**Student:** 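Take a look at the following structure, please.
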Protein chains: 2
Amino acid sequence: MRDASPQGTYKVQALDRAFAVLDLLGESDTPLGLAQVASSLQLHKSTAHRFLMVLERHRMVERTGNGKFRLGLRLFDYGNRAIEQYDLRERAQPYLRRLVSETEETAHLALLEAARVIYIDKIEPARSVRMITRIGASHPVHCTSVGKAILAFLPEDRVEDVLRRTRFERFTHRTITTPEALRVELEKTRRRGYAVDDEEFEEGLRCIAVPVLDAQRQPVAAVSVSGPSFRVTAQKLPAIANHLLQCVRGISMDMGYIPMGRAARIAVPA
Amino acid sequence: MRDASPQGTYKVQALDRAFAVLDLLGESDTPLGLAQVASSLQLHKSTAHRFLMVLERHRMVERTGNGKFRLGLRLFDYGNRAIEQYDLRERAQPYLRRLVSETEETAHLALLEAARVIYIDKIEPARSVRMITRIGASHPVHCTSVGKAILAFLPEDRVEDVLRRTRFERFTHRTITTPEALRVELEKTRRRGYAVDDEEFEEGLRCIAVPVLDAQRQPVAAVSVSGPSFRVTAQKLPAIANHLLQCVRGISMDMGYIPMGRAARIAVPA
DNA sequence: TTTTAGCTTTTCAGAATATGAGATTCGCGT
DNA sequence: ACGCGAATCTCATATTCTGAAAAGCTAAAA
């Protein structure tokens, strides 16, 4: 694990280890026994044991019937408190629901954090293929519509910073893999008013997103609509974009922000 | 196995302190500065500072523009991973949504953890007074419909254990404040097949709940419908209960469980 | 039944680790 | 510019965590 923290000088071994334990349990989709935890993290059994006991006391982990460990519900509590402080999520939900019923595709709400986007909400239409995205998960900016939507309207220096911290990992044959190409794409995004991820993250998945601007007209989040490419066709994009714009306008108003100005209307062909 | 209270003998000071910091930030509805954190927890400035820096590196806390600290989005990630392992939430959502549209009142999904119930989902009808409950929050069993619903169908020894660990705190003049009274109430609950919280937690709020049973017919969760007493009247309870039973039956089937047997039908007066 | 193997739990003396007093720097309001 | 409260940093010390080793479990094999 490469740590790119600017001032990584402060250290508390116990915390690093504890979070390593939580990470391990979070990655694993099946509960793990003490021995597994200890060997995976190269901790001695007794050390791992002590940590797990303490974490259990705090309900950060819990034991299944057979004595194995998994993440505890206290984390769920913390997580909800954390997200509550943003309160964007709650306010946005009704608008997202409307958006989903209008488009019949999955909607996401995401924030930019550090140099990655975090999905903070996902609404799926009644019957649809389950999206693989997990709420709370973070993704790189270069291959997501929400990432591009936010970046496109961020001040130049912030963009620089994010790009510098991005490894342009390739996910599909269409993934944008250079800062230069992404910059061109961002310019296109600004011109048309919405961002597109055309199977750049996952084969067969097309997404479209617009940013949510705050009172200072800075993007604080983005809303996207995603669906299989055969349903979310290029022809439909402008129409979907209009729904998106209406959605974020609603959210902005609700939050007391100024709605997006220019590019607020997009030509719908035919 | 029977005594679930793990001796608090294991200790890692650093972890206790770190979680105290997270708790503090989680309780506070406004971001806190280093000095506030240090003095609230009686930590020395440099200690608090070091912890906050490490927590920030792990994105467990983050700094607002003016240098104050609040919970970080990493917790949101962890929280979603934690809840995902239960996968009850995801599966239950469509059924809850249906329930909400049928009853036009707020629905909750809750789990029993240790001796308290944790709300893991909440769905509100389109326009309604915002409920104060927060997803992720935990409440005592004695004053909630979900708590009573679960307890009523739990084996005697587990009930004992929960009751022993419950302080019967009073919230309203109707709150049940003794184990004996609660036991009577549980018996009533079993007989009628659904649990009721009649303004026992909050003045003017009436809730009704039924348990979700697993393959072994053990309650793993409960679903409730809550609303202002003037809308959720005593007359309507049986009808709502029927919607609830249909809802949990759907959830149970979806999870591969056996639907509730007896008490599956409730007489709807006229 | 007894034995074994693999896991978890406990103990404790030693030493690496976190601690906190204090010095320094930052930043804001006057 | 100045002062004051707050944040950041340093470092010698002892408190706290560490991990070897051994004792308990539990369940499956002999």
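Since this is a predicted model, take the numbers as computed values, not measurements. Throughout, a chain's letter reflects where its sequence line sits, starting with A, and its residues are numbered from 1. Below, all heavy atoms of this structure are taken into account, side chains as well, without hydrogens, waters or symmetry copies.
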**Student:** Respond yes when some side-chain nitrogen or oxygen of A:Arg17 is under 4.0 Å from OP1 or OP2 of C:dT17, and no when none is.
**Tutor:** no

**Student:** Whole-Å distance between D:dC9 P and B:Phe51 CZ?
**Tutor:** 17 Å

**Student:** So is A:Arg74 actually on top of A:Phe76's ring, under 6.0 Å and inside 45° of the axis?
**Tutor:** no

**Student:** Please list each protein N or O that sits under 3.5 Å from an N or O in nucleotides 20-22 of chain D, with the distance.
**Tutor:**
| from | atom 1 | to | atom 2 | distance (Å) |
| --- | --- | --- | --- | --- |
| D:dA20 | OP2 | A:His44 | ND1 | 2.3 |
| D:dA20 | OP2 | A:His44 | NE2 | 3.3 |
| D:dA20 | N6 | A:Ser46 | OG | 2.9 |

**Student:** With sugar-phosphate meaning primed atoms plus P, OP1 and OP2, does A:Phe69 contact a base, only sugar-phosphate, or nothing at under 4.0 Å between heavy atoms?
**Tutor:** nothing

**Student:** With a 4.0 Å cutoff (strictly under), does any side-chain N or O of B:Arg50 reach OP1 or OP2 of C:dT17?
**Tutor:** no

**Student:** Taking CZ in B:Arg158 as the centre, count heavy atoms belonging to other residues, nucleotides or ligands within less than 6.0 Å. Is the count above 12?
**Tutor:** no

**Student:** With a sphere of 6.0 Å drawn around CD of A:Gln42, does it hold more than 12 non-hydrogen atoms of other residues, nucleotides or ligands?
**Tutor:** no

**Student:** For B:Gly33, which contact category applies under a 4.0 Å heavy-atom criterion: base, sugar-phosphate, or nothing?
**Tutor:** sugar-phosphate

**Student:** For a quick test of reading the model: is some side-chain N or O of B:His49 closer than 4.0 Å to OP1 or OP2 of D:dA7?
**Tutor:** no

**Student:** Taking only N and O in the side chain of A:Tyr10, is any of them less than 4.0 Å away from OP1 or OP2 of D:dC9?
**Tutor:** yes

**Student:** With sequence neighbours left out, what residues match A:Asp29 under side-chain hydrogen bond (donor to acceptor under 3.5 Å, both in side chains)?
**Tutor:** none

